Protein chains: 2
Amino acid sequence: MSIETDIKQTAFRNPYHRLLVNIMFTSNWIGDGQMQILKPHGVTLQQYNVLRILRGQYPNPVKVSDITERMLDKMSNASRLVDKLLLKQLAERTECPSDRRAVDVVITQKGLDLLKMLDDCQSGWEDGLKERLSEEEAVTISLLLDKLRKGCDL
Amino acid sequence: MSIETDIKQTAFRNPYHRLLVNIMFTSNWIGDGQMQILKPHGVTLQQYNVLRILRGQYPNPVKVSDITERMLDKMSNASRLVDKLLLKQLAERTECPSDRRAVDVVITQKGLDLLKMLDDCQSGWEDGLKERLSEEEAVTISLLLDKLRKGCDL
DNA sequence: TTACATTAAATGTAACAACAGTTAATCAAA
DNA sequence: TTTGATTAACTGTTGTTACATTTAATGTAA
């Protein structure tokens, strides 16, 4: 379905305008899809992202400031996000020995187990994409999006 | 700059995974850019979108339910968004004569003037894109994104 | 060592969003 | 016409997010 039909708007100013709207719409569409997967397991998209960052460094700890840096949408609340993970016992927090201002965060076994399960759900969802888009097409879009953002340091 | 550098992650599971992250990251990047433009003028991205929907039908009124349908991210708060526009006198609200449950919303002259100015700012921002991406490339991405979402009725 | 600037994390706040539930108008069937 | 279902908008609640500020630890220069 074309983006015009999706959002019931017939006229875009130009191909660039159409592209911008299309990217944001598609992003929301993806986010919604992911959210449907995550919600039954009691984690939000943001918490899921943090968990994956933690797993990426496991078994090494990750500082809160590192998490903030790596989050897709830069936001100031990595602290509170980690709080939520602690409550669910998906992560642990310890004072960093080399810098007592910093806090080391590590994913727990429970967190790793949850991620494993979520990854499977996620893969199932991604399989739907593979029927509609070839691997080459996926690469093409990624390259073009990189080009779109070129020279913009985050 | 490639998406790997942007988010400091070296490994994606596959091109599809990379694409999903890239789309969401790029969407945030665009949203941030737009927000920077809008903030000095006291409107949020959502309010700006509503204003453009209203202008699209001007001088005809738009019902709150129509606004909800056309919003990029379907959300239940079109009511409260319209409230904000009323406070700033960017829109007016009248009871729909043919259905007293419904509410007709119309953009004001002040709203049209503001949109005009914002469009100019926006165009300036879009010009940056034109230097990095050809029109054909913009069209290509849009078509591929449509294909990605194909068969998904919002 | 003291003073000052910088950094990391946490917190207070106000605005915003998601979701459920309410109210009121309309429609449709008995 | 009355009853019940549906629809449109609004509201209440809860959790999030952005932004600014605070607290504490570290680095640096006098």
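Everything numeric in this text was worked out from a predicted model, so none of it was measured. No hydrogens, no waters, no symmetry mates; every other heavy atom, side chains included, goes into these values.
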*Asks:* Quickly work out the Leu86(B) CG to dC10(D) P distance and round it to whole Å.
*Replies:* 9 Å
*Asks:* If the threshold is 4.0 Å, N to carboxylate O, is there a salt bridge linking Arg18(B) and Asp146(A)?
*Replies:* yes
*Asks:* Both distances under 3.5 Å, Watson-Crick or G-U wobble: report the partner of dT28(D), or none.
*Replies:*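 dA3(C) - that is the nucleotide pairing with dT28(D), both distances being under 3.5 Å.
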*Asks:* Which heavy-atom pair separates Leu51(B) from Leu115(B) by the least distance, and what is that distance?
*Replies:*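 Smallest interatomic distance, heavy atoms only, reads O-CD1, 3.5 Å.
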*Asks:* Please write out each protein N/O paired with an N/O of nucleotides 21-24 of chain D under 3.5 Å, distance rounded to 0.1 Å.
*Replies:*
none

*Asks:* Return the 5'-most residue of the pair Asp66(B), Thr44(A) with respect to DNA chain D, ranking by each residue's nearest nucleotide.
*Replies:*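 Nearer the 5' end of the strand: Asp66(B).
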*Asks:* Could you please name the option among dA10(C), dA25(D), dC19(C) that lies closest to any side-chain atom of Asn77(B)?
*Replies:*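 Given the options dA10(C), dA25(D), dC19(C), the side chain of Asn77(B) is closest to dC19(C).
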*Asks:* Asp83(B) CG to dT11(D) C1': how many Å, rounded?
*Replies:* 11 Å
*Asks:* Is the shortest distance from a Lys or Arg side-chain nitrogen in Asp119(B) or Arg52(B) to a carboxylate oxygen in the other one below 4.0 Å?
*Replies:*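 Result for this pair is no, no salt bridge flagged.
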*Asks:* With the side chain of Ser79(B) defined as its heavy atoms from C-beta on, choose the nearest nucleotide among dC16(C), dA9(D), dT16(D).
*Replies:* dA9(D)
*Asks:* Consider the side chain of Lys84(A), meaning its heavy atoms from C-beta on, and name the nucleotide among dT16(D), dT11(C), dA18(C) that approaches it most closely.
*Replies:*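 Nearest to the side-chain atoms of Lys84(A), counting from C-beta on, is dT16(D).
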*Asks:* Measuring to OP1 and OP2 of dA9(D), would you say a side-chain N or O of Ser65(B) lies under 4.0 angstrom away?
*Replies:* yes
*Asks:* Which is more 5' along DNA chain C, the nucleotide nearest Lys39(A) or the one nearest Ala102(A)? Just name the residue.
*Replies:* Ala102(A)
*Asks:* Is Lys39(B) paired with Asp32(B) through a side-chain N to carboxylate O contact shorter than 4.0 Å?
*Replies:* no
*Asks:* Between Asn22(B) and Thr26(B), do the side chains contain a donor N or O and an acceptor N or O under 3.5 Å apart?
*Replies:* yes
*Asks:* Compute whether any side-chain donor of one residue and acceptor of the other, for Gln47(A) and Lys88(A), lie under 3.5 angstrom apart.
*Replies:*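 Looking only at side-chain atoms, Lys88(A) and Gln47(A) do form a donor-acceptor pair, the distance falling under 3.5 Å.
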*Asks:* How long is the line joining CG of Asn49(B) and C1' of dC16(C), in whole Å?
*Replies:*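 From Asn49(B) CG to dC16(C) C1': 15 Å.
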*Asks:* Closest heavy-atom contact between Ile53(A) and Ile67(A)?
*Replies:*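 It is CD1-O, 4.2 Å.
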*Asks:* Figure out the CD/P separation between Gln47(B) and dA15(C), and round it to whole Å.
*Replies:*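 Result: 12 Å.
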*Asks:* Can you list, by residue number, the residues of residues 88-99 of chain B that have a non-hydrogen atom closer than 4.0 angstrom to DNA chain D?
*Replies:* Arg93(B)
*Asks:* Quick one: is Gln46(B) getting a side-chain N or O under 4.0 Å of the dA17(C) phosphate, OP1 or OP2?
*Replies:*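 For dA17(C), OP1 or OP2 has a side-chain N or O of Gln46(B) closer than 4.0 Å.
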*Asks:* Take a 6.0 Å sphere around CD of Glu131(A) and say whether it holds more than 12 heavy atoms from other residues, nucleotides or ligands.
*Replies:* no
*Asks:* Take atom CE of Met35(A) and atom P of dG15(D), then tell me their distance rounded to the nearest Å.
*Replies:* 14 Å
*Asks:* Whole angstrom is fine here: how far is it from CG in Asp32(A) over to C1' in dA17(C)?
*Replies:* 13 Å
*Asks:* Could you tell me whether a side-chain N or O of Tyr16(A) sits under 3.5 Å from a main-chain N or O of Leu129(B), the two making a donor and an acceptor?
*Replies:* no
*Asks:* Determine whether a donor-acceptor pair (one donor, one acceptor, N or O, separation below 3.5 Å) exists between the side chain of Arg80(B) and the base of dG12(D).
*Replies:* yes
*Asks:* Separation of Leu45(B) atom CG from dA18(D) atom P, in whole Å?
*Replies:* 13 Å
*Asks:* Return the orientation label for the His17(B) and Phe12(B) ring planes: parallel under 30°, perpendicular over 60°, tilted otherwise.
*Replies:* perpendicular
